[in-house]
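What follows is a short report on a single structure.
Chain naming here is simple, since letters A, B, ... match the order of the sequence lines and numbering starts at 1 in each.
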2 protein chains.
Amino acid sequence: MIDNWHQTGVALRAPSKKAKQRAASLEQILDAAEIVFARRGHDGGTIQDVAKECDVHTSLIHYYFRNKEALFESVFRRRADVTSERRMAALEQYERTAGEHPSVEGALRAFLDADFDLYCQGGPQWMAFAAFCARLGHTPEGATLVDEQFNPVVLKLIGILKRALPDLSEQDVFWGFHFVTGALLHSLCNTGRLDHLSAGLCRSDDFEAIKARMANFMAAGFRALRSREM
Amino acid sequence: MIDNWHQTGVALRAPSKKAKQRAASLEQILDAAEIVFARRGHDGGTIQDVAKECDVHTSLIHYYFRNKEALFESVFRRRADVTSERRMAALEQYERTAGEHPSVEGALRAFLDADFDLYCQGGPQWMAFAAFCARLGHTPEGATLVDEQFNPVVLKLIGILKRALPDLSEQDVFWGFHFVTGALLHSLCNTGRLDHLSAGLCRSDDFEAIKARMANFMAAGFRALRSREM
DNA sequence: ATTATCTATAGATCTATAGATAATGC
DNA sequence: ATTATCTATAGATCTATAGATAATGC
């Protein structure tokens with residue numbers, strides 16, 4: 001929240017009580033929807049669930065958001081720009097420091113860590129957003145939304161990867177990225193499967209552990225594809 | 001279908017017309033449900049969709065399957081044993097041929113290829129089953145079902161991986177497997193994202209291309225985790 | 001007589017809207 | 001006067017069942 005209204009000469013009105021109320025309600029509803037849709041998916045989560053979660057009446061949700069689709073998309077849009085801009089900035093920053101010879105691992109680290117840090121340190125709502133996006137990412141309908149939002153950043157990453165791996169075919173770069181995406185989305189989903197499987201040795205919500213391993217693991221994978229071609 | 005009824009002495013009756021009808025209807029319904037749930041998920045797919053898909057009335061579905069849950073689970077159970085037994089057999093076969101020194105890549109190849117071959121060569125219903133399982137695998141509710149079915153095979157794989165990587169910590173083996181699972185499920189999901197991203201260069205339903213790369217890629221990842229520990 | 005299939009419908013959600021009421025704004 | 005919130009309810013699904021009808025079995 002930026003309160004620039006009392007320092008500009010242009011007499012921007014102070015936010016009225018109603019404006020504040022409105023903003024607060026919008027946020028409450030979006031927070032609740034984020035949690036509900038992250039937990040139960042687009043089809044499993046209902047407007048009634050959302051209403052219960054934030055203790056308002058369903059009609060208020062329709063008052064602020066035309067319909068379920070609009071609510072769903074608003075949940076995505078509220079944070080989508082933040083994440084893609086952060087990733088883009090991290091990639092550009094990495095490009096500058098790496099200069100002529102970027103490394104696969106460096107590029108992946110920039111791309112992935114920007115995200116993981118946000119989800120780890122951003123509190124439970126960002127965590128819910130992560131799961132929300134992950135579910136979105138592996139439905140065919142959701143894929144369109146995700147594509148539009150993240151393709152620019154992803155293509156940026158792929159560009160750097162190509163320069164880091166000049167002797168790798170373009171297909172292999174895409175397939176490698178496909179594996180990275182899968183592992184990332186599965187991690188963000190946080191299904192708890194690994195917890196059972198490892199008998200508690202690993203917790204699937206331990207994003208720090210994932211962050212510490214993933215770029216490293218995947219970078220080696222890309223390099224191995226290269227040797228496969230020869 | 002095994003028609004052992006006319007060669008045994010124990011006078012097993014020939015399947016009556018009704019029995020055949022029953023079997024055919026069951027299969028039709030399961031096929032349709034497999035396609036519907038694969039496409040729209042557990043919550044998005046309805047019994048009405050299934051009925052329309054195979055051109056029977058919804059009440060017939062309730063006649064053969066008590067309720068939606070039972071139908072859903074039957075879709076899973078129909079093929080689950082086939083896949084896990086195939087994988088188990090492939091892993092045991094690999095263990096025998098590899099002897100004292102199994103390799104990461106060999107183990108992964110046995111584990112993954114058993115699946116991919118089935119999905120590639122088993123026709124469209126097996127393809128639908130793949131997507132069905134993938135969606136199951138990244139919901140928290142579905143995870144329980146998947147766990148019960150596949151944990152034995154997965155633990156078998158993990159056992160071999162541990163012997164192939166004696167100097168890798170147990171945690172790292174599990175995290176590596178976590179990444180493999182993610183990439184696999186994402187591939188089976190077949191969202192079509194890669195098609196757009198690569199402007200048609202790669203098709204996300206090209207399981208042959210994935211099969212050719214995945215074990216190789218992931219094996220290198222595991223080895224890289226090892227070097228991280230030192 | 002039994003089993004497979006369909007017709008009709010109850011009952012439970014769920015989304016969405018119209019219209020009433022309460023709170024703020026000018 | 002405008003905006004925020006709630007009440008009440010319409011209308012569209014969706015699951016599930018009861019009971020009728022059609023086909024096979026003995």
Under 4.0 Å protein heavy-atom contact, by nucleotide of nucleotides 12-19 of chain C - B base, S sugar-phosphate only: --BBBB--
Modelled atom types, side-chain donor and acceptor of Asp147(A) and Thr144(A), under 3.5 Å: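 Thr144(A) and Asp147(A) do not have a side-chain donor-acceptor pair below 3.5 Å.
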Touch class at under 4.0 angstrom, heavy-atom based, for Lys18(B) against every strand present: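 Counting heavy atoms under 4.0 Å across all strands, the contact made by Lys18(B) includes a base.
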Spacing of Lys17(B) atom NZ relative to dA1(C) atom C1', expressed in whole Å: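 After rounding, the reported distance stands at 18 Å.
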Protein-nucleotide distance (Phe65(B), atom CZ; dT5(C), atom P), rounded to Å: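 Result: 12 Å.
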Check: His178(B) and His186(A) side chains under 4.5 Å, non-hydrogen atoms: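 They are in contact (side-chain heavy atoms under 4.5 Å apart), so the answer is yes.
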Complementary nucleotide of dT24(C), counting Watson-Crick and G-U pairs under 3.5 Å: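 Base partner found: dA1(D).
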Complementary nucleotide of dG19(D), counting Watson-Crick and G-U pairs under 3.5 Å: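 The base-pairing partner of dG19(D), which may sit in any strand shown, is dC6(C).
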Arg193(A) charged N/C atom sitting above Phe150(B) aromatic ring, 6.0 Å / 45°: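 Relative to the ring axis of Phe150(B), which defines the angle, Arg193(A) lies outside at least one limit.
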Atom NE2 of His196(A): over 12 foreign heavy atoms under 6.0 Å: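 No, because the 6.0 Å sphere around NE2 of His196(A) holds 12 heavy atoms or fewer from other groups.
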Exceeds 12 heavy-atom contacts within 6.0 angstrom, atom CG of Asp55(A):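 No - once you tally the heavy atoms of other residues, nucleotides and ligands closer than 6.0 Å, there are 12 at most.
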Aromatic centroids of Phe72(A) and Phe132(A) separated by under 6.0 Å: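 Between Phe132(A) and Phe72(A), the centre distance is under 6.0 Å.
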